[in-house]
Number of protein chains: 2
Amino acid sequence: MPKAKYDDIYRDLKERIEREEYAYQSLLPSENELSARYACSRNTVRRAIAQLVTDGYVQSMHGRGVRTIYQPVEQAAFTVGGIESFKESAERNHRTASTEVLAFEHVVADDKLAARTGFEPGTPLTYILRLRSLDGEPLILDHNYFRTDVAKGLTPEIARRSVYDYLEGELGLVITTSKRTMTVEKVAAQDRKYLDLKGYNCLAVITGQTYDDRGIQFEWTQSRHRPDYFRFQDVATRNRPGV
Amino acid sequence: MPKAKYDDIYRDLKERIEREEYAYQSLLPSENELSARYACSRNTVRRAIAQLVTDGYVQSMHGRGVRTIYQPVEQAAFTVGGIESFKESAERNHRTASTEVLAFEHVVADDKLAARTGFEPGTPLTYILRLRSLDGEPLILDHNYFRTDVAKGLTPEIARRSVYDYLEGELGLVITTSKRTMTVEKVAAQDRKYLDLKGYNCLAVITGQTYDDRGIQFEWTQSRHRPDYFRFQDVATRNRPGV
DNA sequence: GCCGATTTGTCCGTATGTATC
DNA sequence: CGATACATACGGACAAATCGG
C-alpha cells in the first residue's frame, strides 16, 4: 500500500521526541528547515506536526515556533488509549492476556436493545460475553454485540482468541472510528460472580460503538473493568480559529 | 480576530448534521460540490471535513464519499468533553453551579509534588481546594495547583467564581492543551467529609495538566467526581495512511 | 516605537494517485 | 473502460504574530 510521506515524517519526529532528542519545552526546527531536511513541501511538514499536536506531543506558537510538551509517563495500570483490542492492549502494557468465553448467542435487536446500542431494530446480532484476565487475574467483563452480516462466521473459538484479528485479517474489515463513553457504575450480581472485586463496589465502564471504513456500525461494546487496573488517557486541544 | 473560512464551513456543516439535514448514514455533497457551494478551494473543504471526522460526525470513504455517523445522544449525567471550566460544563449541562473554597494556599513544589504534577521542583504554586455543587448537591472535589507566576493575582473570591474566566478575561491567558487521565479511586477520608457518597466507595477521578498557548504548563488538576453524576466522552479514529 | 527577518496560519490552484461505481 | 470521489503532495501567495536591532 502507498506509504504516505507525511506519516513517515510524523513517525520520525515522534520518535525523536520520545527519545528526547527534542527535549521537553524545546523548539522543533522551523517548518522551512524541516521541509528542507525531509525534502518535501511545507504543507507536508505541517500535516505531520498537526498530528503531533493532536497527540499532545507539541504545541504550535504563531510566529514563535513549535514547542514540545511531551513528558514520559510511568504507567502502572492498564492504559486504554486509541482503538485497540484487548489483546493489543495487553501486549502494549506488557501483560499476559487470557480470555474465557461465557456466552455466545445469536439474537435480533428489539426496540430496547436497538435504542441502547445504536443498531437498527431488527438487525441480526452476535452476542458475546467474555471474561478477560491479565496475568491470571480476572479483571474485565466484556459484553459485545456484533452485526452478524458484517462480522460473518464468528465462532466461540475466534471469540476466545481475538475477534479483531479475525475481522481484520480474515474478513478484511477496516476498523476506523470508535465512539466511547466512560462512566463508573455500581457492580451488578453478574460482575460479582466473575470478578474478584477487592472491596470495590463499582467498576470503570467503557461503552462504545465501532464503525468500519464504510461508516457502518458493526459493534457495540461494554467493558467493565476492575477499578485498580484501569486508566484512560486523553488529550484535548481548544480550537480557536477566529476566537 | 481573523475568522477562518474553513472554520465557518466546519460550523455550518456541523450544524446541518446536528439538525439532521444530512441524516445519519447519508452522504455529504462531494468535496468538489462543497468547494463550489462555499466558493473556496477543495483544500479548505477538506480541512473542515477533517474536523468533523475527529469529532466523530462523519467518515470519509476513499472513492465513495463522506458519510455522516452522527447520532444524537441523550445525556442524563454530567458530561465532560473538551477543555472547559466547571462553570462552563454546568451551563452546557443545564445545571446550577455553586462553589465553596475550602483551601487557598501558596506553596513551593518539592520533589515529590513536582514528580506528581509535572512542574519543576521549586516552582511557586497556588493551591486551591474547592467543593463543587450542582443544583445544591455537593458532587465534585477539585484540587488545583496553579503556577503563581502565570496565574498572577488569584484570590479566594476569584476561586469561588471562576478561575478560568479570570485567567482568560483579565490576564489574557490562552488555554490551549489539556492532558488528562481518567481513573477510579477508592474514597479517602477527605472525600467522605465533603461529598455525600450515596453508598459508593469509589470516585471517578480526572487528573490533568493544562498548558497555555506558549506551551507552558500552568495548571495541575485533580477532579474527584461522585460516580453517578459523571460521564466522559471520547472519539477515537484509527489512522492508517499506508497500512 | 519602528522596521525587517523569521515563523506559523490560511488559502489557492494544480497535478497525480487510487478506490469506487 | 471512463467518470467520479477522495488522498497525497507541491509550490506559491499573503496574513499575522514574534523577535531582534
Side-chain angles (χ1 to χ4, degrees), chain A residues 1-11 13 26-54 58-69 172-174 176-177 212-216 237-243, chain B residues 1-11 13 26-54 58-69 172-174 176-177 212-216 237-243:
Chain A
M1 299 309 181
K3 288 207 296 180
K5 196 181 283 189
Y6 76 87
D7 193 58
D8 290 341
I9 299 171
Y10 160 69
R11 280 190 231 265
L13 289 174
S26 66
L27 298 182
L28 296 190
S30 77
E31 295 175 353
N32 282 322
E33 203 172 324
L34 289 173
S35 65
R37 179 180 306 180
Y38 291 109
C40 67
S41 73
R42 208 187 121 211
N43 275 335
T44 303
V45 166
R46 283 180 61 73
R47 191 155 172 195
I49 291 174
Q51 280 274 16
L52 295 170
V53 170
T54 70
V58 303
Q59 195 163 293
S60 306
M61 300 175 291
H62 196 164
R64 283 227 275 281
V66 177
R67 174 169 290 164
T68 83
I69 57 172
L173 193 69
V174 179
T176 304
T177 305
D212 68 8
D213 62 337
R214 307 168 67 103
I216 304 296
T237 52
R238 192 174 267 205
N239 296 344
R240 35 172 67 240
V243 152
Chain B
M1 297 317 181
K3 288 208 294 182
K5 196 180 286 191
Y6 76 87
D7 193 57
D8 289 342
I9 299 170
Y10 160 69
R11 279 190 233 266
L13 289 174
S26 66
L27 297 182
L28 295 190
S30 77
E31 295 176 353
N32 282 322
E33 202 173 324
L34 289 174
S35 65
R37 179 180 306 180
Y38 291 110
C40 68
S41 74
R42 212 188 119 213
N43 275 335
T44 304
V45 166
R46 281 181 62 73
R47 192 155 171 193
I49 291 175
Q51 280 275 13
L52 294 170
V53 170
T54 71
V58 304
Q59 196 163 292
S60 306
M61 300 175 292
H62 197 161
R64 283 227 274 281
V66 177
R67 175 169 289 164
T68 82
I69 56 171
L173 193 69
V174 178
T176 304
T177 306
D212 69 9
D213 61 338
R214 305 168 69 106
I216 303 299
T237 53
R238 191 173 269 207
N239 297 344
R240 36 173 65 242
V243 153

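Only this structure's heavy atoms are used, side chains among them; waters, hydrogens and symmetry mates stay out. Letters A, B, ... are given to chains in the order of the sequence lines, protein chains preceding strands, and every chain is numbered from 1.
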Just by modelled atom types, is the Ser35(B) backbone N or O under 3.5 Å from a matching donor or acceptor in the Arg42(B) side chain? no
Whole-Å gap separating P (dT6(C)) and CG (Leu27(A)): 16 Å
Result for 5'-nearest mapping on DNA chain D, choosing between Asn32(B) and Arg214(B), is Asn32(B)
Among residues 59-67 of chain B, which contact DNA chain D at a heavy-atom distance under 4.0 Å? Ser60(B), Met61(B), His62(B), Gly63(B), Gly65(B), Val66(B)
In this structure, how many angstroms lie between the P atom of dA5(D) and the CG atom of Leu28(B), rounded? 13 Å
Is the backbone N or O of Gly65(B) less than 3.5 Å from a side-chain atom of Glu31(B), with the two atoms forming a donor-acceptor pair by type? no
Separation of atom CD in Glu31(A) from atom P in dT10(C), rounded to whole Å: 11 Å
Point-to-point distance, once rounded to the nearest 0.5 Å, from CZ of Arg64(B) to OG of Ser30(B): 15.5 Å
With both distances under 3.5 angstrom, what nucleotide forms a Watson-Crick or G-U wobble pair with dC1(D)? none
Keeping the roles fixed (side chain from Asn43(B), backbone from Arg46(B)), state whether a donor-acceptor pair exists under 3.5 Å. no
Side-chain contact, heavy-atom cut-off 4.5 Å: Val58(B) with Arg67(B)? no
Can you check whether Asp212(A)'s main-chain N or O pairs, donor with acceptor, with Gln59(B)'s side chain at less than 3.5 Å? yes
Quick one: does Leu27(A)'s side chain get under 4.5 Å of Met61(A)'s, heavy atoms only? yes
For the pair Asp8(A) (side chain) and Arg11(A) (backbone), establish whether a donor and an acceptor sit closer than 3.5 Å, ignoring hydrogens and angles. no
Please state how far atom CD in Gln51(A) lies from atom P in dT8(D), giving the value in whole angstrom units. 10 Å
Using whole Å, what does the distance between atom P of nucleotide dG11(D) and atom CZ of Arg46(A) come to? 16 Å
Hey, what are the protein-to-nucleotides 11-15 of chain C N/O distances that come in under 3.5 Å?
unit_1, atom_1, unit_2, atom_2, d
dC11(C), OP1, Lys5(B), N, 2.3
dC11(C), OP2, Tyr6(B), N, 3.3
dC12(C), OP1, Lys5(B), NZ, 3.0
dC12(C), OP2, Ser41(B), N, 2.9
dC12(C), OP2, Ser41(B), OG, 3.1
dC12(C), OP2, Thr44(B), OG1, 2.5
dC12(C), N4, Asn43(B), ND2, 3.4
dG13(C), O6, Asn43(B), ND2, 2.8

Rounded distance in Å - CG (Asp213(A)) to P (dA19(C)): 12 Å
Got a donor-acceptor contact below 3.5 angstrom from the Thr44(B) side chain to the Cys40(B) backbone? no
